[in-house]
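Working notes for the structure below.
Lettering follows sequence order; numbering is per chain, from 1.
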Amino acid sequence: MKTPFERLGIDKDSDDEAVRQGYLKMVRKYPPDRYPEKFQRIQDGYELIRTEKKRLEYQLFHTEMPVIDEFVELFIDGKKKKKPTLKMIRRLLRSIPPPEGADKEHG
Amino acid sequence: MKKKKKRTKRSRGKVVNPQALMARAEKYLSAGNSAEAIKSLRKIAEDERPERWFALLKSAYQMRMRQLAGKGMAKEALFLYDNMVRFCRCDDHPLLIHLHFILGKYAEGYAVYLQNGESFCRRESQRVEESLSSFLLADEKPDLGFLPQDSPVRKYFSLAAETLQAFCCGEPDQVTANLKQIPLRSPYGTFKLVIKAMLLHEENDIQSAGKIFRGIRRDSPFYVLAAPYLSLACYGKEVSQTALSEPAVETEAALTGVTKKEKKFLGELEKYNGDVSRLYNFLMRNSALINDDLLRRACGLLLPNVPGKVTDFSKRFGFSDSCEYHRLFALAAEKESDFSTAVSQWLEVVKTLREGEKNSKKIALVYSRCAGFFGRSYLNIKGSEREYYRMALEADPGDRDLHIKLIGSYEEGNNKRYILINDLYKKFPDDPVVMSLTIEAALRRGAFKKSSGIAAKLLRLDPVNRALRIQLINAHLSHAAKLVDRKRMDLAKKECETAMGYERNNLVHGKVHFFMGCLEIMDGEEKVGSGYIEQGMAACGHEITGRFLLSVTGKKLTIGNKWQKRFDRELRLSLRGIPAADDLLRILPFLEMSKEAEDGWEHGLKTVSPWLKKWRGDGLTLDDLLRFCRVFDCCDNYRLLELFGRKAMAFKPPLPIAHYYMVLGKSRRGTKKISSKEFDRLVESAEIAELQGDMKTVQLLDDLLDELYFSFDMAGSSSGSSSRDGFLDYFSDLLGEDQEEMEEKHRKDTLSGVEAEKKKGAKSGKKNKPIQLNLFE
């Protein structure tokens, strides 16, 4: 769903070096042990646009199906985000679940 | 009246066994139905209550109280607490304190804590203080008078409350300054961490924020602040939506900016994953919720998979240019394997691209893609494939890969291919890929000196390339063999010595030693030669393989009858017994040796064939079997090909290529008749290979079916008409012709064949044999 350029956080007109830098930046941000799926997408995206020829091929022939997770991400990216208000935070603080377990027998 | 009756019935009710009641209560508990569990347990008479009853009732009460507290019914929960103490003779102080705190009775709760403080472990005390801090922060104006002056909860409260206020008012500097004053070891330590992470999230430093959020203990009261953040996609959705409380869902909605309706839409999206057409319709139905750009993008990506929606898409969004329009149609046609439409649409794309500037590389790519369709096609229109590659190269002459693709469209051994490779080498003399290609081509042409020269140059660039080193050694040895032919023994020995110089870690398994040995023997130095041969045998490490290699080398260098007979005898002697899988695997790479050793290789294979035939068919993988099949296919050893192909067919599901090898062997490359059933099965295999996209195998099967067509034996066939239909369908599919046309053509062909047979019979004066008029009827 996201273009490889978006996955690597770079411009559409980026050259080989900019693509490489974008890839390295994203890999540092989303390491494979913590974000395996995201990392895989970054890796795949990089492979798709690594060279000028690949970028042209991508422009002409890409047919990948939209990834639902990425659609959701883009959908949310386009939304106006709000900061939690004091009222919200207070409601959160009041919603602490009761403690689990600890009980004592009466002798 | 009715009600009364019911009541009487119930009150009279059956006396239920206490064990059954306990079991029922346990069931209710595991289902989370605490109220019914309490009811069941309370029905058991006092004198019938076993020890386990107390534990069960206590669990049921605890669960009920937690559930009530979660629903905002802390008062009712507190009432139940007294019941629990009365019936179960036990208490749960942390729960009691929590209930007091929820009700805002901080002093009461704290008093319980102080009275029973000794029975609390460090963790429990910490949690009580943290939850008190949390509840106090949630209160607008809490009365802290019940807390001692030196209590850390009281000491840092106002600082924490101010921090919260500053965070919500968007004063990050104030927040940071306040947080610095709150010690980590105070009851507000976790609060400090969470607020820090929330601040980092605001600053879009997701990585650092995530690190802190993930480090918050789940049993900490302040975890409730981290949970809505951790449910966001940017933190990898570490907390699922279902685990969020109502206030957390509200906070998460604020953080994402997604409304309830939108959330429902996003939740339903997953249902359509994989069903392209329904997903397209679903997106269009909900277009009011999606921003236009995103909708266009998503639907645009779906379009090649749902070509029927192109008009709908065009009406809704229009196309940015005709290039985009034709591009989408071309991709849709490709998805449906309608390559002729795809090509015509791509040509339209090229037309549009030509109108723009600096599009030559794009044009080359489009032509190259079209060429690929012809290359992949089972019709194998090589002329068109090459034509498109040539057009692509006209557009972008500097594209090395295009040159290589054009070369690949020529069969190996084709003179044009060799010329193109040499031209390419002139253009890219230092390109390793081109160098490898040139080495291979030169080897195939017997230009060993040239190939060894380029290989040596390439080896300097890539000294650890094992395959290249082997290639280089073989090139020198083959050149040596050529020199032996020309009676230049001294130069041949020199070539062998050069080859020896490239040998590392026994790469060619003694082959160089065998060469040297044979050369010395031919030069009259039998003792020296025998020494080399012994060294070669030791380097090879496997008797059969060593003897095989020696026999092949002797034959290749024409060592003379005396020694050749000796080598062959020794090889035959080593081939005693039934071949084990290990022996076969050891000799396989040598059987696969390229045609560089042509004469000798076939001679060696002939010697080992009887031994290979004895193999019982165990211990080899499908891949190994197919490798053997390729070897036997190369040397037309049909009996072995049939044997190994049959064994490969035994693997489930049988591969079309295995079927091909088996029938190729059985029919002696299509010259021997096979039954109609076998023919039908072969057609099926071709269809399977086509479905699997294995066009190379389709091509092979197609050629074999062509051969077999003329020797097709229908005698005794019971499924004549189905064979006929399947056969015609298959060929009409292949050739893209109508079945009627095919039948007509076939009828004409058959009749002309009959006419020819009649004439032939009349000429020879022989009586005509009864001729089958139609093979299929």
**For chain B, which residues of residues 15-28 of chain A have heavy atoms nearer than 4.5 angstrom** = A/R28
**Prompt:** Where along residues 55-62 of chain A does a heavy atom come under 4.5 Å of chain B, listed by residue number?
**Reply:** A/L56, A/E57, A/Q59, A/L60, A/F61, A/H62
[X] versus chain A, the contacting section by heavy-atom distance below 4.5 Å:
{"X": "B/L283", "result": "side chain"}
{"X": "B/Y223", "result": "neither"}
{"X": "B/N305", "result": "side chain"}
{"X": "B/E140", "result": "both"}
{"X": "B/Y280", "result": "neither"}
{"X": "B/M65", "result": "neither"}
{"X": "B/T256", "result": "both"}
{"X": "B/V128", "result": "neither"}

**Request:** With sequence neighbours excluded, tell me which residues meet side chain to side chain contact (heavy atoms under 4.5 Å, CB included) with A/R34.
**Result:** A/P31, B/R214, B/E238
**Message:** I'd like to check the side chain to side chain contact (heavy atoms under 4.5 Å, CB included) partners of B/E324; sequence neighbours left out, ordered by chain and number.
**Reply:** B/F319, B/S320, B/D321, B/R327, B/L328
Chain A: which of [options] shares the most heavy-atom pairs with it under 4.5 Å?
{"options": "B/D139, B/N291, B/I206", "value": "B/D139"}
{"options": "B/V258, B/I102, B/L255, B/V349", "value": "B/L255"}
{"options": "B/L294, B/D401, B/T251", "value": "B/L294"}
{"options": "B/I97, B/L96, B/V366", "value": "B/V366"}
{"options": "B/R127, B/K361, B/E250", "value": "B/R127"}
{"options": "B/P304, B/A298, B/A69", "value": "B/A298"}

**Asked** Considering only heavy atoms, which portion of A/F71 lies under 4.5 Å from any heavy atom of chain B: side chain, backbone, both, or neither?
**Response** both
**Request:** Go through the atoms of A/T85 and report whether side chain, backbone, both or neither lie under 4.5 Å from a heavy atom of chain B.
**Result:** backbone
Closest approach of [X] to [Y] (non-hydrogen atoms, all atoms of both residues):
{"X": "B/A138", "Y": "A/R94", "result": "O-NH1, 3.0 Å"}
{"X": "A/K83", "Y": "B/G170", "result": "NZ-CA, 3.3 Å"}
{"X": "B/P247", "Y": "A/S95", "result": "CG-CB, 3.9 Å"}

**Asked** Do the side chains of A/K79 and B/T259 get nearer than 4.5 Å, heavy atoms only?
**Response** no
Any chance you could measure [X], atom [atom1], to [Y], atom [atom2], to the nearest 0.5 Å?
{"X": "B/L232", "Y": "A/K81", "atom1": "CG", "atom2": "NZ", "value": "9.5 Å"}
{"X": "B/D219", "Y": "A/I96", "atom1": "CG", "atom2": "CD1", "value": "12.0 Å"}
{"X": "B/E252", "Y": "A/M88", "atom1": "CD", "atom2": "CE", "value": "11.5 Å"}

**Prompt:** Are A/K53 and B/D399 within salt-bridge range, i.e. N to O under 4.0 Å?
**Reply:** yes
**Selection from A/L92, A/I68, A/L86 maximising heavy-atom pairs under 4.5 Å formed with chain B** = A/L92
**Option from B/S133, B/S131, B/P221, B/S134 for which side-chain contact (heavy atoms from CB on, under 4.5 Å) with A/L93 holds** = B/S134
**Step-by-step side chain to side chain contact (heavy atoms under 4.5 Å, CB included) determination, A/I76 to B/E262** = CA-CA 10 Å; A/I76 292 172; B/E262 289 169 338; over 6 Å; no
Can you tell me if [X] has over 12 outside heavy atoms packed within less than 6.0 Å of its [atom1]?
{"X": "B/K211", "atom1": "NZ", "result": "no"}
{"X": "B/E246", "atom1": "CD", "result": "no"}
{"X": "B/K263", "atom1": "NZ", "result": "yes"}

**Request:** Would you please test A/I89 and B/F167 for side chain to side chain contact (heavy atoms under 4.5 Å, CB included) and show each step?
**Result:** CA-CA 11 Å; A/I89 292 181; B/F167 173 78; 4.1 Å; yes
**Asked** Is the A/F75 ring parallel, tilted or perpendicular to the B/F265 ring (thresholds 30°, 60°)?
**Response** tilted
